[in-house]
Amino acid sequence: MDYTLTVGLGTRSYPIHIGSGILSRLGVCLQECLQVKRYAIISDERVAGLYGAQVLRSLHAAGLAGEIFTFPAGEASKNLTTIAALASSLAQKGFDRGDAVLALGGGVSGDLAGFLAAMYMRGISFVQVPTTLLAQVDSSVGGKTGVDIPEGKNLIGAFYQPRLVLIDIEVLKTLPRNELLGGMGEVIKYGASLDADFFHYLAAQREQILALDASAMGYVVHHCCALKAKVVEQDEREGGLRRVLNFGHTIGHALEAASDYRLLHGFAVAIGMSAVTDLAVLCGYARAELKQEMTTLLSAYGLPTAVPPELDRKQITGFMQTDKKSVGGRLFFVLPTELGKVLVTDQVDQAALAQVLVSQ
Ligand code: NAD
Ligand code: GLY
């Protein structure tokens, strides 16, 4: 079953189409939604090798032109050097404001291509075609784009919304298992923080979801995008409400940094969700049973729930204090109060925080 939904942002509203086999219909979808005739496809070498030819065929069959620009796969490519190289390549090939940038890949491709589109000629049209579960349920929606600098992850960027998001769940079949499970960390985040019924659905449909059953996975991706769209529509630039999407991320980001990014993002978020649930219980915001519910589902999806013993607790706390999401030196935590509900607070007892990191 195919789904369509809209991210409602006035004149910058855009549709998200979700379905099985969309990649082979990409050209027709683009033609139906946009006036653009020529696309600069930005993709890492691995994804370009898997899907580049199919995407080009589909564009050509619809009478559209496309050219693929690649970079080495991985977070290490998400920097200003890659942006400069891609911008030069686009300029040399004569891409202009009438053309569009198309991100084909995971969150790294999406963040890079989106930032490139925001900067190139002061902004050209941008399309997201996410191919990891993380990108399909999170990074392709909401317009956060950017790159890393040595001083920190995602420190340079722009809010720049795509004009269209096309999601083919079929491509998840080639995704390495760990990447799929990491994406499930973000999926569980939506249920745990925003929608208790969805949390229970994830528990009940585990087998179908992990087997990539098209109906179950289509529903999951659609539901996550719908939940995220609702938040982004109300708070596009993270003035307040959008912070709820960072459930598990304050501690999660610190864990990623302390592990020198060996810990996959979704795995770090899973540990972060488990740790902030402990924190909420200790601070009296949630009942003790919530921790059990949270860890049972995370474990069922093969996700970790405890801080790896080899990580230095002091270093984790240090990374938390320099988190870019702190505002005026205040560090905000998203704490669960019950399944599907969270509160955002900077009032966290430091002793409780230290206890949570040690006891994890
Ligand atoms: P990624 O883009 O590096 O993809 C992970 C790996 O999977 C890569 O090796 C890639 O080549 C491979 N891959 C992608 N699709 C595949 C497929 N269908 N089959 C086989 N292999 C495939 O990483 P990611 O986890 O998708 O994204 C992480 C990035 O997303 C981080 O840089 C993070 O900061 C960013 N992010 C951004 C937002 C946002 O709102 N903009 C939100 C969350 C995360
Ligand atoms: N991934 C969190 C956000 O988009 O706000």
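Order of appearance sets the numbers: ligands from 1, and atoms from 1 within every ligand.
Nearest protein neighbour of atom 30 (O) of ligand 1, counting heavy atoms only, is G107 CA, 3.3 Å. When only non-hydrogen protein atoms are considered, atom 6 (C) of ligand 1 lies nearest to E179 OE2, 3.7 Å. Regarding atom 1 (P) of ligand 1, its nearest protein heavy-atom neighbour is V108 CG2, 3.9 Å. Looking only at heavy atoms of the protein, atom 42 (C) of ligand 1 is closest to S139 CB, 3.5 Å. In terms of protein heavy-atom proximity, atom 15 (N) of ligand 1 is closest to T131 OG1, 2.8 Å.
In summary, the atoms of ligand 2 found under 4.0 Å from a heavy atom of R242, numbered by their order in the structure, are 3 (C), 4 (O), 5 (O). Of all atoms in ligand 2, numbered sequentially from 1 with element shown, those under 4.0 Å from a heavy atom of E238 are 5 (O). When each atom of ligand 1 is checked for a heavy atom of E75 under 4.0 Å away, the hits are 31 (C), 32 (O).
Between K78 and E75, at least one side-chain nitrogen of the basic residue sits less than 4.0 Å from a carboxylate oxygen of the acidic one, meeting the salt-bridge criterion.
At a heavy-atom cutoff of 4.0 Å, ligand 1 is contacted by the side chain of L50 but not by its backbone. Residue contacts with ligand 1 for T174 involve both N, CA, C or O and side-chain atoms from C-beta outward (heavy atoms, distance under 4.0 Å).
No N or O atom of S109 sits closer than 3.5 Å to an N or O atom of ligand 1.
For the pair L104/S109, no side-chain contact is recorded, criterion being any heavy-atom separation below 4.5 Å from C-beta on.
Within a 6.0 Å radius of CD in Q35, no more than 12 heavy atoms belonging to other residues, nucleotides or ligands are found.
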